[in-house]
Amino acid sequence: MARYFTTTLPYVNADPHIGHALEIIQTDVLARAARSCGDEVFFNSGTDEHGQKILRAAQSAGQEVREYVTHYTKRFDALFTALGISSHAFIRTTNPGHISAAQEMWRRCDKVGDIYKKSYSGFYCVGCETYKMEKDLINGECSDHPGAQLEEITEENYFFRLSKYEKSLYEYLKKDGVIMPDWRRQEALAFVERGLEDFSISRDKARLSWGISVPGDDTQVMYVWFDALTNYISTLGWPQDVDGNFKKFWEGGRTLQMAGKDQIRFQSIMWQAMLMSVGIKNTDQIFYHGFINSDGRKMSKSIGNVISPYELVEKYGTDATRYMLLRHVHPAEDTDVTWERMDEWYTANLVNGLGNLVARVMKLAQTYLTEPVNIDDISERASKEILLKLDKFRFNEALDDIFVEISDADARMTQSEPYKKIKSDDENERAQAVSDIKELARACAHIATNITYFMPATSQDILNAVRANTKPENLFPRLA
(Lines give C-alpha, C1' and ligand atoms only; values in the text may rest on other atoms or scores of the structure.)
Protein backbone atom coordinates (compact mmCIF):
# COMPACT_ATOMS: atom_id res chain seq x y z
CA MET A 1 0.00 0.00 0.00
CA ALA A 2 1.10 3.57 -0.68
CA ARG A 3 1.11 5.61 2.55
CA TYR A 4 1.45 9.39 2.83
CA PHE A 5 2.50 10.93 6.14
CA THR A 6 2.95 14.63 6.78
CA THR A 7 3.60 16.98 9.65
CA THR A 8 2.33 20.53 9.55
CA LEU A 9 4.87 23.04 8.31
CA PRO A 10 6.47 24.90 11.25
CA TYR A 11 6.32 28.67 10.98
CA VAL A 12 9.88 29.98 10.70
CA ASN A 13 9.71 33.08 12.90
CA ALA A 14 11.80 31.52 15.70
CA ASP A 15 13.88 28.48 16.60
CA PRO A 16 12.24 25.02 16.80
CA HIS A 17 10.59 24.19 20.10
CA ILE A 18 9.78 20.92 21.84
CA GLY A 19 6.28 20.79 20.35
CA HIS A 20 7.73 20.70 16.84
CA ALA A 21 9.96 17.83 17.90
CA LEU A 22 7.00 15.89 19.31
CA GLU A 23 5.04 16.08 16.06
CA ILE A 24 8.02 15.22 13.88
CA ILE A 25 9.00 12.22 16.00
CA GLN A 26 5.43 10.89 16.18
CA THR A 27 5.20 11.04 12.39
CA ASP A 28 8.57 9.37 11.98
CA VAL A 29 7.54 6.43 14.18
CA LEU A 30 4.44 5.84 12.06
CA ALA A 31 6.40 6.13 8.82
CA ARG A 32 9.01 3.64 10.04
CA ALA A 33 6.32 1.20 11.12
CA ALA A 34 4.58 1.42 7.74
CA ARG A 35 7.83 0.78 5.87
CA SER A 36 8.58 -2.25 8.02
CA CYS A 37 5.19 -3.69 7.04
CA GLY A 38 6.05 -3.38 3.35
CA ASP A 39 4.19 -0.15 2.58
CA GLU A 40 5.65 2.41 0.19
CA VAL A 41 5.95 5.63 2.18
CA PHE A 42 6.10 9.33 1.34
CA PHE A 43 7.00 11.34 4.46
CA ASN A 44 6.56 15.10 4.11
CA SER A 45 7.59 18.04 6.25
CA GLY A 46 9.11 21.45 5.67
CA THR A 47 8.70 25.11 6.57
CA ASP A 48 5.97 27.75 6.24
CA GLU A 49 7.79 30.94 5.24
CA HIS A 50 5.26 33.64 4.33
CA GLY A 51 2.98 35.95 6.31
CA GLN A 52 2.88 39.09 8.39
CA LYS A 53 4.31 37.53 11.53
CA ILE A 54 7.48 36.53 9.69
CA LEU A 55 7.82 39.89 7.95
CA ARG A 56 7.59 41.74 11.26
CA ALA A 57 10.02 39.36 12.96
CA ALA A 58 12.55 39.93 10.17
CA GLN A 59 12.11 43.70 10.39
CA SER A 60 12.56 43.60 14.17
CA ALA A 61 15.76 41.61 13.68
CA GLY A 62 17.00 44.13 11.11
CA GLN A 63 17.27 41.46 8.43
CA GLU A 64 16.06 41.09 4.88
CA VAL A 65 13.08 38.72 5.08
CA ARG A 66 14.42 36.09 2.66
CA GLU A 67 17.69 35.93 4.60
CA TYR A 68 15.70 35.66 7.83
CA VAL A 69 13.55 32.72 6.73
CA THR A 70 16.51 30.89 5.21
CA HIS A 71 18.33 31.07 8.55
CA TYR A 72 15.43 29.51 10.46
CA THR A 73 14.66 27.00 7.74
CA LYS A 74 18.17 25.64 8.18
CA ARG A 75 17.51 25.33 11.91
CA PHE A 76 14.39 23.25 11.25
CA ASP A 77 16.04 21.16 8.56
CA ALA A 78 18.92 20.36 10.94
CA LEU A 79 16.39 19.27 13.58
CA PHE A 80 15.52 16.23 11.48
CA THR A 81 19.10 15.02 11.67
CA ALA A 82 19.30 15.79 15.39
CA LEU A 83 16.14 13.74 16.04
CA GLY A 84 17.19 10.77 13.90
CA ILE A 85 14.33 11.22 11.45
CA SER A 86 14.08 8.75 8.57
CA SER A 87 13.96 9.57 4.86
CA HIS A 88 11.61 12.43 4.15
CA ALA A 89 10.73 15.22 1.72
CA PHE A 90 11.37 18.76 2.96
CA ILE A 91 9.33 21.49 1.29
CA ARG A 92 9.68 25.23 1.64
CA THR A 93 6.72 27.43 0.77
CA THR A 94 9.16 29.79 -0.95
CA ASN A 95 10.14 27.04 -3.43
CA PRO A 96 9.15 27.93 -7.03
CA GLY A 97 7.30 24.63 -7.41
CA HIS A 98 5.16 25.30 -4.38
CA ILE A 99 4.46 28.90 -5.40
CA SER A 100 3.27 27.67 -8.79
CA ALA A 101 1.05 25.03 -7.16
CA ALA A 102 -0.49 27.53 -4.72
CA GLN A 103 -1.35 29.86 -7.60
CA GLU A 104 -2.88 26.96 -9.54
CA MET A 105 -4.97 26.04 -6.49
CA TRP A 106 -6.22 29.63 -6.49
CA ARG A 107 -7.06 29.54 -10.21
CA ARG A 108 -9.01 26.30 -9.88
CA CYS A 109 -10.99 27.51 -6.87
CA ASP A 110 -11.70 30.74 -8.76
CA LYS A 111 -12.77 28.85 -11.89
CA VAL A 112 -15.61 27.09 -10.05
CA GLY A 113 -16.78 30.37 -8.51
CA ASP A 114 -15.43 29.85 -4.99
CA ILE A 115 -13.42 33.10 -4.83
CA TYR A 116 -14.86 36.61 -4.78
CA LYS A 117 -13.70 40.06 -3.70
CA LYS A 118 -15.27 42.35 -1.10
CA SER A 119 -14.41 45.02 1.45
CA TYR A 120 -14.04 43.80 5.01
CA SER A 121 -13.47 45.19 8.48
CA GLY A 122 -12.37 43.04 11.36
CA PHE A 123 -9.98 42.34 14.20
CA TYR A 124 -6.77 40.66 13.07
CA CYS A 125 -4.51 38.50 15.25
CA VAL A 126 -0.97 38.58 13.90
CA GLY A 127 -0.03 35.56 16.04
CA CYS A 128 -2.68 33.40 14.35
CA GLU A 129 -2.38 35.20 11.00
CA THR A 130 -6.18 35.34 10.80
CA TYR A 131 -9.19 37.58 11.40
CA LYS A 132 -11.12 36.89 14.58
CA MET A 133 -14.90 36.93 15.02
CA GLU A 134 -16.51 38.06 18.26
CA LYS A 135 -17.34 34.45 19.19
CA ASP A 136 -13.63 33.56 18.94
CA LEU A 137 -12.56 36.15 21.54
CA ILE A 138 -12.26 35.87 25.31
CA ASN A 139 -12.49 39.24 27.06
CA GLY A 140 -11.79 40.87 23.72
CA GLU A 141 -8.57 38.90 23.19
CA CYS A 142 -7.48 35.96 21.06
CA SER A 143 -7.66 32.83 23.22
CA ASP A 144 -4.38 31.55 21.75
CA HIS A 145 -2.53 34.86 22.21
CA PRO A 146 -3.90 36.53 25.35
CA GLY A 147 -2.41 39.94 25.99
CA ALA A 148 -1.56 40.52 22.35
CA GLN A 149 -3.40 43.49 20.92
CA LEU A 150 -5.73 42.73 18.01
CA GLU A 151 -5.46 45.04 15.02
CA GLU A 152 -8.62 46.53 13.57
CA ILE A 153 -8.24 46.45 9.81
CA THR A 154 -10.46 47.55 6.94
CA GLU A 155 -9.45 46.55 3.43
CA GLU A 156 -10.61 44.88 0.24
CA ASN A 157 -9.73 41.18 0.12
CA TYR A 158 -10.60 38.05 -1.80
CA PHE A 159 -12.79 35.55 0.04
CA PHE A 160 -13.25 31.79 -0.24
CA ARG A 161 -16.82 30.44 -0.19
CA LEU A 162 -16.40 28.19 2.84
CA SER A 163 -20.13 28.42 3.58
CA LYS A 164 -20.81 26.59 0.30
CA TYR A 165 -19.18 23.45 1.72
CA GLU A 166 -20.90 23.41 5.10
CA LYS A 167 -23.00 20.30 4.34
CA SER A 168 -20.15 18.48 2.57
CA LEU A 169 -17.77 19.15 5.45
CA TYR A 170 -20.35 17.92 7.94
CA GLU A 171 -20.72 14.66 6.00
CA TYR A 172 -16.93 14.29 5.80
CA LEU A 173 -16.47 14.89 9.52
CA LYS A 174 -19.25 12.44 10.46
CA LYS A 175 -17.05 9.53 9.37
CA ASP A 176 -15.56 7.62 12.28
CA GLY A 177 -11.77 7.78 12.35
CA VAL A 178 -11.38 10.72 9.97
CA ILE A 179 -10.05 12.71 12.95
CA MET A 180 -8.23 11.21 15.91
CA PRO A 181 -8.76 11.36 18.82
CA ASP A 182 -12.52 11.28 18.36
CA TRP A 183 -13.23 14.17 20.71
CA ARG A 184 -11.34 16.40 18.29
CA ARG A 185 -13.68 15.21 15.53
CA GLN A 186 -16.60 16.23 17.72
CA GLU A 187 -15.02 19.68 18.12
CA ALA A 188 -14.79 20.04 14.34
CA LEU A 189 -18.39 18.91 13.89
CA ALA A 190 -19.58 21.39 16.51
CA PHE A 191 -17.74 24.19 14.73
CA VAL A 192 -19.45 23.33 11.43
CA GLU A 193 -22.85 22.99 13.13
CA ARG A 194 -22.56 26.58 14.41
CA GLY A 195 -22.42 27.71 10.79
CA LEU A 196 -19.49 28.48 8.52
CA GLU A 197 -18.60 31.91 7.22
CA ASP A 198 -16.54 32.65 4.13
CA PHE A 199 -12.96 33.56 5.00
CA SER A 200 -10.50 36.05 3.63
CA ILE A 201 -7.75 34.48 1.52
CA SER A 202 -5.73 37.53 0.52
CA ARG A 203 -4.05 40.56 2.01
CA ASP A 204 -3.37 44.00 0.54
CA LYS A 205 0.20 44.02 -0.74
CA ALA A 206 0.60 47.61 0.46
CA ARG A 207 0.20 46.28 4.01
CA LEU A 208 1.86 42.89 3.54
CA SER A 209 4.43 42.54 0.78
CA TRP A 210 5.84 39.15 1.86
CA GLY A 211 3.68 36.50 0.24
CA ILE A 212 2.65 34.80 -3.00
CA SER A 213 1.02 37.13 -5.51
CA VAL A 214 -2.63 36.51 -6.30
CA PRO A 215 -2.98 35.36 -9.93
CA GLY A 216 -4.23 38.28 -12.00
CA ASP A 217 -4.04 40.86 -9.21
CA ASP A 218 -0.60 42.15 -8.22
CA THR A 219 -2.10 44.39 -5.54
CA GLN A 220 -2.85 41.35 -3.36
CA VAL A 221 -0.89 38.47 -1.86
CA MET A 222 -2.33 35.14 -0.76
CA TYR A 223 -3.40 34.61 2.83
CA VAL A 224 -0.60 32.56 4.38
CA TRP A 225 -2.88 29.64 5.26
CA PHE A 226 -4.28 29.30 1.72
CA ASP A 227 -0.69 29.28 0.49
CA ALA A 228 0.75 26.94 3.13
CA LEU A 229 -2.00 24.31 3.16
CA THR A 230 -1.36 23.61 -0.52
CA ASN A 231 2.04 22.19 0.47
CA TYR A 232 0.42 18.84 1.25
CA ILE A 233 -0.03 18.21 -2.46
CA SER A 234 2.59 20.53 -3.97
CA THR A 235 5.25 18.39 -2.26
CA LEU A 236 3.95 15.45 -4.33
CA GLY A 237 4.41 17.37 -7.57
CA TRP A 238 0.81 18.54 -8.02
CA PRO A 239 -0.53 19.72 -10.42
CA GLN A 240 1.84 18.45 -13.15
CA ASP A 241 2.63 15.24 -11.22
CA VAL A 242 5.59 14.43 -13.46
CA ASP A 243 6.82 11.62 -11.20
CA GLY A 244 3.36 10.26 -10.44
CA ASN A 245 3.67 10.82 -6.68
CA PHE A 246 0.40 12.72 -6.36
CA LYS A 247 -1.51 9.94 -8.13
CA LYS A 248 0.23 7.21 -6.14
CA PHE A 249 0.30 8.66 -2.63
CA TRP A 250 -2.64 11.08 -2.48
CA GLU A 251 -5.19 9.79 -4.95
CA GLY A 252 -4.34 6.09 -4.68
CA GLY A 253 -2.76 5.92 -1.23
CA ARG A 254 -3.84 6.43 2.37
CA THR A 255 -3.12 9.94 3.64
CA LEU A 256 -2.40 10.92 7.24
CA GLN A 257 -1.78 14.45 8.48
CA MET A 258 -0.30 15.13 11.94
CA ALA A 259 -1.05 18.46 13.62
CA GLY A 260 -1.40 20.28 16.92
CA LYS A 261 -4.81 20.62 18.58
CA ASP A 262 -4.99 24.34 17.65
CA GLN A 263 -5.02 23.44 13.95
CA ILE A 264 -8.48 21.86 13.67
CA ARG A 265 -10.16 24.73 11.80
CA PHE A 266 -7.30 25.02 9.36
CA GLN A 267 -6.57 21.34 8.66
CA SER A 268 -10.01 19.72 8.96
CA ILE A 269 -12.20 22.55 7.69
CA MET A 270 -10.36 25.12 5.54
CA TRP A 271 -8.05 22.65 3.82
CA GLN A 272 -10.76 20.05 3.29
CA ALA A 273 -13.03 22.67 1.72
CA MET A 274 -10.22 23.75 -0.61
CA LEU A 275 -9.80 20.13 -1.70
CA MET A 276 -13.54 19.81 -2.29
CA SER A 277 -13.48 23.00 -4.36
CA VAL A 278 -10.90 21.63 -6.81
CA GLY A 279 -12.23 18.07 -6.84
CA ILE A 280 -9.35 16.40 -5.00
CA LYS A 281 -9.84 13.55 -2.50
CA ASN A 282 -10.05 14.66 1.11
CA THR A 283 -7.43 13.67 3.67
CA ASP A 284 -8.14 10.15 4.92
CA GLN A 285 -7.17 10.86 8.53
CA ILE A 286 -5.81 13.66 10.71
CA PHE A 287 -4.32 13.14 14.17
CA TYR A 288 -4.16 16.06 16.61
CA HIS A 289 -1.63 16.01 19.45
CA GLY A 290 -1.74 18.08 22.62
CA PHE A 291 0.60 20.81 23.87
CA ILE A 292 3.68 20.49 26.05
CA ASN A 293 3.73 22.83 29.04
CA SER A 294 6.41 23.42 31.65
CA ASP A 295 5.86 23.93 35.38
CA GLY A 296 2.12 24.12 34.75
CA ARG A 297 2.43 27.00 32.30
CA LYS A 298 2.44 27.29 28.54
CA MET A 299 6.00 27.63 27.29
CA SER A 300 6.94 31.23 26.62
CA LYS A 301 10.16 33.08 25.94
CA SER A 302 9.04 35.90 28.23
CA ILE A 303 8.51 33.48 31.13
CA GLY A 304 11.78 31.73 30.34
CA ASN A 305 10.44 28.17 30.44
CA VAL A 306 10.95 27.26 26.78
CA ILE A 307 12.71 23.92 26.23
CA SER A 308 14.68 23.52 23.02
CA PRO A 309 14.79 20.09 21.34
CA TYR A 310 18.46 20.78 20.61
CA GLU A 311 19.08 21.11 24.35
CA LEU A 312 17.35 17.78 24.92
CA VAL A 313 19.51 16.03 22.35
CA GLU A 314 22.66 17.62 23.72
CA LYS A 315 21.89 16.49 27.28
CA TYR A 316 20.26 13.09 26.78
CA GLY A 317 21.07 12.02 23.22
CA THR A 318 18.83 11.49 20.21
CA ASP A 319 17.15 8.22 21.13
CA ALA A 320 16.58 9.22 24.75
CA THR A 321 14.90 12.41 23.53
CA ARG A 322 12.67 10.38 21.22
CA TYR A 323 11.85 8.00 24.08
CA MET A 324 10.84 10.74 26.52
CA LEU A 325 8.62 12.58 24.05
CA LEU A 326 6.94 9.38 22.93
CA ARG A 327 6.40 7.69 26.29
CA HIS A 328 6.11 10.47 28.85
CA VAL A 329 4.24 13.03 26.75
CA HIS A 330 0.62 12.00 26.21
CA PRO A 331 -0.07 11.59 22.48
CA ALA A 332 -3.27 13.63 22.44
CA GLU A 333 -3.57 15.55 25.70
CA ASP A 334 -1.50 18.37 27.20
CA THR A 335 1.50 17.27 29.25
CA ASP A 336 3.64 19.11 31.77
CA VAL A 337 7.39 18.60 31.34
CA THR A 338 10.31 19.83 33.45
CA TRP A 339 14.04 19.18 33.39
CA GLU A 340 13.76 17.47 36.79
CA ARG A 341 11.14 15.01 35.51
CA MET A 342 13.16 14.29 32.40
CA ASP A 343 16.25 13.57 34.47
CA GLU A 344 14.20 11.07 36.48
CA TRP A 345 12.77 9.39 33.37
CA TYR A 346 16.18 9.15 31.76
CA THR A 347 17.96 7.71 34.81
CA ALA A 348 15.25 5.32 36.01
CA ASN A 349 14.09 3.90 32.70
CA LEU A 350 17.05 4.17 30.37
CA VAL A 351 20.23 4.20 32.47
CA ASN A 352 19.04 1.84 35.22
CA GLY A 353 16.44 0.08 33.06
CA LEU A 354 17.14 -0.78 29.44
CA GLY A 355 20.82 0.22 29.45
CA ASN A 356 21.66 -1.72 32.61
CA LEU A 357 19.81 -4.84 31.44
CA VAL A 358 21.58 -5.00 28.09
CA ALA A 359 24.99 -4.31 29.67
CA ARG A 360 24.60 -7.08 32.27
CA VAL A 361 23.23 -9.67 29.86
CA MET A 362 25.73 -9.06 27.10
CA LYS A 363 28.67 -8.96 29.52
CA LEU A 364 27.67 -12.48 30.61
CA ALA A 365 27.18 -13.56 27.00
CA GLN A 366 30.55 -12.18 25.94
CA THR A 367 32.28 -13.93 28.84
CA TYR A 368 30.54 -17.31 28.93
CA LEU A 369 29.03 -18.07 25.51
CA THR A 370 31.28 -19.58 22.87
CA GLU A 371 29.24 -18.13 20.00
CA PRO A 372 26.40 -15.66 19.43
CA VAL A 373 22.84 -16.84 20.05
CA ASN A 374 20.72 -17.49 16.96
CA ILE A 375 18.15 -14.73 16.49
CA ASP A 376 17.24 -15.47 12.87
CA ASP A 377 13.72 -16.43 13.95
CA ILE A 378 13.11 -13.07 15.66
CA SER A 379 11.16 -10.74 13.37
CA GLU A 380 12.88 -7.56 12.21
CA ARG A 381 9.71 -5.58 12.85
CA ALA A 382 7.91 -4.90 16.11
CA SER A 383 5.29 -7.25 17.47
CA LYS A 384 1.69 -7.21 16.30
CA GLU A 385 0.61 -5.73 19.65
CA ILE A 386 2.98 -2.78 19.23
CA LEU A 387 1.78 -2.16 15.67
CA LEU A 388 -1.85 -2.21 16.81
CA LYS A 389 -1.09 0.42 19.48
CA LEU A 390 0.59 2.62 16.85
CA ASP A 391 -2.38 2.24 14.53
CA LYS A 392 -4.38 3.94 17.29
CA PHE A 393 -1.66 6.57 17.96
CA ARG A 394 -0.97 5.17 21.43
CA PHE A 395 2.77 5.77 21.36
CA ASN A 396 3.01 5.91 25.15
CA GLU A 397 1.12 2.65 25.68
CA ALA A 398 3.28 0.86 23.11
CA LEU A 399 6.40 1.91 25.02
CA ASP A 400 4.77 0.96 28.33
CA ASP A 401 4.35 -2.56 26.94
CA ILE A 402 7.98 -2.68 25.85
CA PHE A 403 9.16 -1.59 29.29
CA VAL A 404 7.08 -4.33 30.88
CA GLU A 405 9.09 -6.69 28.68
CA ILE A 406 12.31 -5.05 29.91
CA SER A 407 11.19 -5.42 33.54
CA ASP A 408 10.28 -9.06 32.95
CA ALA A 409 13.74 -9.77 31.53
CA ASP A 410 15.36 -8.01 34.47
CA ALA A 411 13.24 -10.05 36.90
CA ARG A 412 14.23 -13.25 35.07
CA MET A 413 17.88 -12.32 35.53
CA THR A 414 17.36 -11.73 39.26
CA GLN A 415 15.41 -14.94 39.78
CA SER A 416 17.60 -17.30 37.74
CA GLU A 417 20.92 -15.75 38.90
CA PRO A 418 23.01 -16.97 35.94
CA TYR A 419 25.87 -14.74 37.12
CA LYS A 420 26.14 -16.99 40.20
CA LYS A 421 25.30 -20.37 38.70
CA ILE A 422 27.83 -20.00 35.89
CA LYS A 423 30.59 -20.16 38.54
CA SER A 424 29.09 -23.21 40.31
CA ASP A 425 30.99 -26.49 40.75
CA ASP A 426 27.79 -28.26 39.68
CA GLU A 427 27.88 -28.99 35.94
CA ASN A 428 24.08 -28.97 35.68
CA GLU A 429 23.88 -25.53 37.26
CA ARG A 430 26.52 -24.21 34.85
CA ALA A 431 24.59 -25.66 31.92
CA GLN A 432 21.38 -24.04 33.15
CA ALA A 433 23.21 -20.72 33.52
CA VAL A 434 24.39 -20.92 29.91
CA SER A 435 20.81 -21.66 28.81
CA ASP A 436 19.51 -18.70 30.85
CA ILE A 437 22.12 -16.36 29.37
CA LYS A 438 21.13 -17.41 25.85
CA GLU A 439 17.47 -16.78 26.55
CA LEU A 440 18.26 -13.39 28.09
CA ALA A 441 20.34 -12.44 25.05
CA ARG A 442 17.42 -13.42 22.82
CA ALA A 443 15.12 -11.35 25.04
CA CYS A 444 17.38 -8.34 24.46
CA ALA A 445 17.14 -8.94 20.71
CA HIS A 446 13.36 -9.12 20.89
CA ILE A 447 13.23 -5.89 22.90
CA ALA A 448 15.49 -4.28 20.30
CA THR A 449 13.09 -5.15 17.47
CA ASN A 450 10.17 -3.72 19.46
CA ILE A 451 11.91 -0.37 20.05
CA THR A 452 13.15 -0.07 16.47
CA TYR A 453 10.60 2.61 15.46
CA PHE A 454 10.97 4.57 18.68
CA MET A 455 14.73 4.34 19.32
CA PRO A 456 16.23 3.18 16.01
CA ALA A 457 19.93 3.71 16.81
CA THR A 458 19.63 2.00 20.19
CA SER A 459 17.76 -0.88 18.59
CA GLN A 460 20.54 -1.37 16.06
CA ASP A 461 23.26 -1.13 18.73
CA ILE A 462 21.60 -3.89 20.75
CA LEU A 463 21.05 -6.15 17.76
CA ASN A 464 24.66 -5.65 16.64
CA ALA A 465 25.86 -6.56 20.14
CA VAL A 466 23.77 -9.73 20.25
CA ARG A 467 24.92 -10.80 16.79
CA ALA A 468 28.57 -10.13 17.72
CA ASN A 469 28.15 -11.65 21.20
CA THR A 470 29.73 -8.64 22.82
CA LYS A 471 28.81 -6.03 25.42
CA PRO A 472 27.94 -2.76 23.63
CA GLU A 473 29.28 0.64 24.49
CA ASN A 474 27.34 2.37 27.27
CA LEU A 475 23.92 2.91 25.72
CA PHE A 476 22.86 5.66 28.14
CA PRO A 477 25.63 7.43 30.05
CA ARG A 478 24.80 8.65 33.55
CA LEU A 479 24.06 12.35 33.87
CA ALA A 480 26.93 14.43 35.18
Side-chain angles (χ1 to χ4, degrees), residues 5-8 10 15-33 43 45 75-76 78-86 88 180-181 256 258-263 287-299 305-351 353-355 382 386 389-390 392-403 406 450-459 475-476 479:
F5 299 90
T6 183
T7 69
T8 51
D15 272 337
H17 58 65
I18 195 172
H20 296 129
L22 172 67
E23 185 175 307
I24 292 166
I25 292 169
Q26 287 180 338
T27 312
D28 182 60
V29 168
L30 298 175
R32 286 176 182 271
F43 177 3
S45 191
R75 292 284 289 166
F76 278 95
L79 184 63
F80 283 77
T81 300
L83 297 175
I85 304 303
S86 57
H88 64 281
M180 293 292 286
L256 171 65
M258 306 287 282
K261 67 176 187 178
D262 58 339
Q263 295 271 312
F287 174 76
Y288 292 103
H289 60 79
F291 290 159
I292 301 177
N293 301 319
S294 185
D295 283 326
R297 295 182 293 180
K298 185 176 180 180
M299 289 191 189
N305 64 345
V306 172
I307 297 175
S308 162
Y310 286 112
E311 292 176 325
L312 290 179
V313 172
E314 182 178 358
K315 182 172 186 179
Y316 304 112
T318 294
D319 273 16
T321 296
R322 290 172 65 101
Y323 159 79
M324 286 189 283
L325 293 181
L326 291 164
R327 188 183 185 196
H328 295 289
V329 171
H330 193 281
E333 298 176 0
D334 292 356
T335 302
D336 196 77
V337 169
T338 65
W339 285 106
E340 291 76 18
R341 289 196 188 102
M342 289 189 287
D343 285 353
E344 291 172 6
W345 299 333
Y346 176 83
T347 300
N349 301 318
L350 297 180
V351 177
L354 177 58
I386 299 300
K389 289 274 174 46
L390 292 183
K392 296 178 181 178
F393 307 97
R394 296 175 180 171
F395 306 96
N396 55 338
E397 292 181 15
L399 276 163
D400 285 346
D401 288 352
I402 294 169
F403 273 78
I406 292 167
N450 274 341
I451 65 169
T452 185
Y453 316 134
F454 309 92
M455 306 168 71
T458 301
S459 171
L475 294 177
F476 304 104
L479 297 174

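Quick caveat, the model's predicted, so the values are computed rather than measured.
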Any side-chain heavy atom of N349 within less than 4.5 Å of one from E344? no

Contact check, side chains of L354 and T458, non-hydrogen atoms, under 4.5 Å: yes

Would you confirm whether Y346, through its side chain, and R341, through its main-chain N or O, come within 3.5 Å as a donor-acceptor pair? no

Residues two or more places apart in sequence or in another chain: which of them pass salt bridge (charged side-chain N to carboxylate O under 4.0 Å, His left out) with D28? R32, R322

Check whether more than 12 heavy atoms from other residues, nucleotides or ligands sit under 6.0 Å from atom CD of E311, and answer yes or no. yes

Rounded to the nearest 0.5 Å, what separation is found between the CE atom of M258 and the OG1 atom of T27? 4.0 Å

With a 6.0 Å cut-off on the ring centroids, do F5 and F43 count as close? no

Could you tell me whether the side chain of L390 reaches within less than 4.5 Å of the side chain of L30, counting heavy atoms only? yes

First locate atom NZ of K261, then atom OH of Y288, and finally report the distance between them rounded to the nearest 0.5 Å. 13.5 Å

Is the closest side-chain heavy-atom distance between F291 and T335 below 4.5 Å? no

Shortest non-hydrogen contact from I406 to G353? CG2-C, 4.2 Å

If only atom types and distance count, is the side chain of S459 paired as donor or acceptor with the main-chain N or O of M455 below 3.5 Å? no

Could you measure the distance from the CG atom of L22 to the CE atom of M324? Nearest 0.5 Å is fine. 13.0 Å

Are Q26 and H289 linked by a side-chain donor-acceptor pair shorter than 3.5 Å? no

With no hydrogens and no angle check, is any side-chain donor or acceptor of Y453 less than 3.5 Å from a backbone partner on A382? yes

Note: F287 and P181 closest approach over all heavy atoms is CE1-CD, 4.1 Å

Closest heavy-atom contact between Y310 and P16? CE1-CG, 4.1 Å

Taking the side chain as everything from C-beta on, heavy atoms only, tell me whether V337 gets closer than 4.5 Å to V329. yes

How long is the straight-line distance from CG of D336 back to CD1 of I292, given to the nearest 0.5 Å? 10.0 Å

Name every donor-acceptor pair, under 3.5 Å, that has one atom in a side chain of residues 395-403 and the other anywhere in the protein, sequence neighbours excluded.
{"residue": "D400", "atom": "OD1", "partner": "R327", "partner atom": "NE", "Å": "2.8"}
{"residue": "D400", "atom": "OD1", "partner": "R327", "partner atom": "NH2", "Å": "3.3"}
{"residue": "D401", "atom": "OD2", "partner": "K389", "partner atom": "NZ", "Å": "2.6"}

Quick check: closest heavy atoms across A82 and V313, and the distance to 0.1 Å? O-CG2, 3.7 Å

Qualifying residue, where the test is side-chain contact (heavy atoms from CB on, under 4.5 Å) with L350 and the options are W345, Y316, Y323: Y323

Look at the side chain of T318 and the backbone N and O of L83, then say whether any donor-acceptor pair between them is shorter than 3.5 Å. no

Is any side-chain heavy atom of P309 closer than 4.5 Å to a side-chain heavy atom of L79? yes

Going by atom types only, do Q263 and T8 share a side-chain donor-acceptor pair under 3.5 Å? no

Of all residues at least two apart in sequence or in a different chain, which pass the ring pair (Phe, Tyr, Trp, His ring centres under 6.0 Å) check with H17? H20

Mind checking whether F454 and I386 have side chains closer than 4.5 Å, heavy atoms only? yes

For the atom pair CG (D319) and CD1 (I451), what is the distance rounded to the nearest 0.5 Å? 7.0 Å

Nearest 0.5 angstrom please: T6 OG1 to L256 CG, how far? 9.0 Å

Contact check, side chains of L312 and K315, non-hydrogen atoms, under 4.5 Å: no

